[in-house]
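Below, read A as the first sequence line, B as the second, and so on, with proteins coming before strands; counting in each chain starts at 1. Small disclaimer: the values here were computed from a predicted structure and weren't measured.
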Amino acid sequence: MVVTFKDDLDLDKIAESGQCFRWQKKEENTWQIVTGKELLYAKRLEAGLYDFDCTEIAYETVWKNYFDMQQNYSEIRSLISPKRDFFLYQAAEYGKGIRILRQDPWEMLISFIISQRKSIPAIRTAIDKLCEMAGDPITGKNGKMIYTFPSPKQMAALSKDQLAACGLGYRTAYIWETAHRVASEEIDLKQINRLDDKALLKKLSELYGVGIKVANCTMLFGFHRLDSFPKDVWINRVLEHEYAAGYSFEQYSPYNGVMQQYMFFYYRVNKES
DNA sequence: GCCCAGGGATCTT
DNA sequence: AAGATCCATGGG
């Protein structure tokens with residue numbers, strides 16, 4: 001069954017917004033998207049209109065949640081005053097259609113540990129190798145094999161040499177340590193989701209290889225804590241050049257993470273310096 | 001070949 | 001507490 005809908009949704013922008021690393025663009029404006037063991041082909045028909053190649057049940061139980069469809073992003077953007085903050089207004093208009101996906105916390109944690117000092121293409125390559133090495137195979141549309149993101153146990157079963165073979169470099173020890181702590185249930189990602197933002201940030205930061213930036217990315221993209229505001233090189237440029245007088249975190253609470261995505265996307269695509 | 005990447009740990013001051 | 005240095009490897 002084909003599900004069609006029109007909403008504040010632009011998959012091309014989401015794919016370039018730095019929150020997902022495993023989407024693959026196929027022919028005819030179609031994105032191949034995997035979450036858990038679920039596979040989706042989403043085809044763009046026209047601006048804001050997509051064909052989701054999935055059953056209605058799969059949409060209702062999986063993809064509606066994954067794309068955060070119950071959230072009204074237009075309402076969030078209405079917090080921005082073009083008079084008081086023209087830069088953010090402009091960035092948000094430019095990034096209209098971006099949503100914060102509800103991705104798996106474990107996958108986000110590992111993905112963003114890998115992300116440090118790596119270019120986005122290099123991050124994708126490393127994650128793909130990990131999936132192929134330890135994930136479960138799923139059969140894709142053209143019969144080609146696709147692999148799920150390895151579970152904590154699957155990843156903990158890999159040796160450091162195997163991890164290093166995925167191009168993890170000096171992050172190998174970080175991933176190895178984190179995989180074992182989560183697989184052994186010393187750290188329970190479901191349990192810590194009960195913590196408030198501040199406590200969760202602290203808890204995540206205790207992991208080896210997880211600093212303030214990776215913790216915030218994991219919070220925003222994995223735990224859907226929309227107020228988390230990861231500061232990377234791009235955001236630091238924005239804060240330096242556009243908010244020399246200061247950025248008001250309070251003004252956009254509890255949606256600072258959404259604003260961060262608009263800023264990131266706008267600055268990175270336009271390559272301003 | 002060269003440079004640097006969605007940072008963090010560790011060592012100095 | 002803040003600043004400097006090292007880190008492995010793949011893309012561009």
Polar side-chain contact A:Tyr170-B:dG7 base: donor and acceptor under 3.5 Å: yes
Here the distance between atom P of B:dA9 and atom CD of A:Glu177, to the nearest Å, is 11 Å
Looking at B:dG8, C:dG12, B:dT10, which one has an atom nearest to any side-chain atom of A:Pro121? C:dG12
Base, sugar-phosphate, or nothing for A:Ile113, non-hydrogen atoms under 4.0 angstrom? nothing
Remember a base hit wins even if backbone is also touched, and classify A:Ser205 as base, sugar-phosphate or nothing at under 4.0 Å, heavy atoms. nothing
So which nucleotide from C:dA8, C:dG11, B:dG7 ends up closest to the side chain of A:Arg171? C:dA8
So, A:Glu132 and A:Lys129, do they make that salt bridge, N to O below 4.0 Å? no
Which whole-number value in Å describes the distance from A:Arg117 CZ to C:dG11 P? 17 Å
Where the side chain of A:Thr55 meets the backbone of A:Ala58, is there a donor-acceptor pair that is under 3.5 Å apart? yes
Write down the distance between NZ (A:Lys129) and P (C:dG10), rounded to a whole number of angstrom. 6 Å
Expressed as a whole number of angstroms, how long is the span from A:Ile110:CD1 to B:dG7:P? 17 Å
Hey, does the side chain of A:Ser115 come within less than 4.0 Å of B:dA5's phosphate (OP1/OP2), counting only N and O? no
Mapping A:Gln116 and A:Ser119 to their closest nucleotides on DNA chain C, which lands nearer the 5' end? A:Gln116
Check ion pair A:Lys37-A:Asp136 (N to O, under 4.0 angstrom): yes
Atom-to-atom span, CD1 of A:Ile123 to P of B:dC4 - whole angstrom: 18 Å
Output the rounded distance in Å from CG (A:Leu109) to C1' (B:dG8). 14 Å
Which nucleotide wins on minimum distance to the side chain of A:Lys118, given the candidates C:dG12, C:dG10, B:dT10? C:dG10
Going by an N to O cut-off under 4.0 Å, is there a salt bridge joining A:Arg44 and A:Asp10? no
For the residue pair A:Phe21 and A:Phe112, is the inter-centroid distance of their aromatic rings smaller than 6.0 Å? yes
Using whole Å, what does the distance between atom P of nucleotide C:dC7 and atom CD1 of A:Ile114 come to? 21 Å
Whole angstrom is fine here: how far is it from CG in A:Leu130 over to P in C:dG10? 13 Å
Contact class for A:Gly209 (heavy atom, under 4.0 Å): base, sugar-phosphate, or nothing? sugar-phosphate
